[in-house]
There are 2 protein chains.
Amino acid sequence: MNYMRTSMENLTTKLKNSNIRLSHQRLKVLEYLDNNRIHPTVDQIYNGLHDEIPTLSKTTIYNTLNTLIEAGLVKIITIEDNEARYDINTDLHGHFKCKACGNIYDFEIDMDSFKIKGLDGFKVFTRDVYYSGICSKCVEDD
Amino acid sequence: MNYMRTSMENLTTKLKNSNIRLSHQRLKVLEYLDNNRIHPTVDQIYNGLHDEIPTLSKTTIYNTLNTLIEAGLVKIITIEDNEARYDINTDLHGHFKCKACGNIYDFEIDMDSFKIKGLDGFKVFTRDVYYSGICSKCVEDD
DNA sequence: GTTCCTGCAAAAGCTTTGCAGAAGA
DNA sequence: TCTTCTGCAAAGCTTTTGCAGGAAC
């Protein structure tokens, strides 16, 4: 799936438009998500930013992510395991988790064409499609 | 969604066919899942069986569920929150979680008709569709 | 100057593990 | 009899909370 990295100014604008107070930590977390489209865990974000910001705490990462989720800038992915993952790509798309390498891949799927039965009168806010199996890379490595 | 309750003998057979050693606790957990199609949490199973089996421990419930999952008799649902839910209905169907009451509803969806792009060469083992929003009951209560 | 954020420590909640006694086959 | 299960206590993880100092506006 294609995506464009956003410039630092645009990330700043994104936060400002959402009425989120700017801070060094928040910008860095957002920048990390933008530069590392791997649906990272909190741990991965923490380790990825630790060298640059040694004082950064996981609490702040959690706080920041929750703020970004509330603002709609980030989506949380709860696909297996009891460990949340975070996605800056808020377009509707599916997620595939490889049982071998643990990586999560995006894929295209047209959720608007779904024919469903049994949700008459229900208000749907979010839709998620999660697949799991073995990714093409790990299939080859067999 | 319709379903048929299974008789106690059939539950016994189910376990035997999967080469799972019979025990009072395992039968009761399986029976609870069969009689309570609410995609219960471990806590709900524990509370539901506590009166009948006061000595039952959560460890045993976890052990039993993991055994049943391995045998393919039960499916785990990880839809939001850090709390697993368990489903004895292993047919392919979607899950809707109500943000208001917390209940999880089944709905029909034909996953075989999905048109997806980006998973060439991937081996898909599981497919899950998770919706969330407000269920019809909670919409009315507004 | 006021409001809100950061980060430490502690707590909370779900799940797994180690192990001795008990139950299933 | 031999294997496997149960259930207690403890530990392991992820995530949240309380709060004092600090940064943003």
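Just so we're on the same page: letters track the sequence lines, and every chain starts at 1.
With rounding to the nearest 0.5 angstrom, the OG1 atom of Thr64(A) is 12.0 Å from the CG atom of Leu73(A). The structure places CG of Leu92(A) at 10.0 Å from CD1 of Ile109(A), a figure rounded to the nearest 0.5 Å.
Checking side-chain atoms of His50(A) against main-chain N and O of Gly48(A) turns up no donor-acceptor pair under 3.5 Å. At distances below 3.5 Å, not a single donor-acceptor pair connects side-chain atoms of Glu70(A) with backbone N or O atoms of Thr67(A). Side-chain atoms of Arg127(A) never come within 3.5 Å of backbone atoms of Tyr130(B) as a donor-acceptor pair (strictly under, hydrogens ignored). Judged purely by atom type and a 3.5 angstrom limit, Arg85(A) has no side-chain atom pairing as donor or acceptor with the backbone of Ile76(A).
Residue order along DNA chain C, read from the 5' end via each residue's closest nucleotide, puts His24(A) first among Arg21(B) and His24(A).
Looking only at side-chain heavy atoms (C-beta outward), Leu65(B) and Ile45(B) come within less than 4.5 Å of each other. Using a 4.5 Å cut-off on side-chain heavy atoms (C-beta onward), Thr78(A) and Ile79(B) make no contact. No side-chain heavy atom of Asp128(B) sits less than 4.5 Å from a side-chain heavy atom of Asp128(A).
Contacts between residues 43-50 of chain A and DNA chain C, defined by a heavy-atom separation under 4.0 Å, are absent. Taking every heavy atom of residues 65-86 of chain A and every atom of DNA chain C, pairs under 4.0 Å involve Asn82(A), by number.
Here the two rings, on Phe122(B) and Tyr105(A), have centers that are under 6.0 Å apart.
Counting any heavy atom pair closer than 4.0 Å across all strands shown, Thr41(B) reaches no nucleic acid atom. Backbone-only engagement by Ser23(B) is indicated by non-hydrogen atom pairs under 4.0 Å involving sugar-phosphate atoms exclusively.
Whole-Å rounding puts the Asn63(B) CG to dT4(D) P distance at 14 Å. Whole-Å rounding puts the Ile53(B) CD1 to dC5(D) C1' distance at 14 Å. Spacing between atom CG of Asn19(A) and atom P of dA24(D) amounts to 18 Å, rounded to whole angstrom units. A straight line from CD1 of Ile61(A) to C1' of dT15(D) spans 13 Å, rounded to a whole angstrom. dC5(D) atom C1' lies 18 Å from atom OH of Tyr62(B), rounded to whole Å.
Taking a heavy-atom distance under 4.0 Å as the criterion, the stretch of DNA chain C touched by chain A extends 5' to 3' from dT3(C) to dT15(C).
Ionic pairing of Arg37(B) and Asp34(B) is present here: one or more N-O contacts between side-chain nitrogen and carboxylate oxygen are shorter than 4.0 angstrom.
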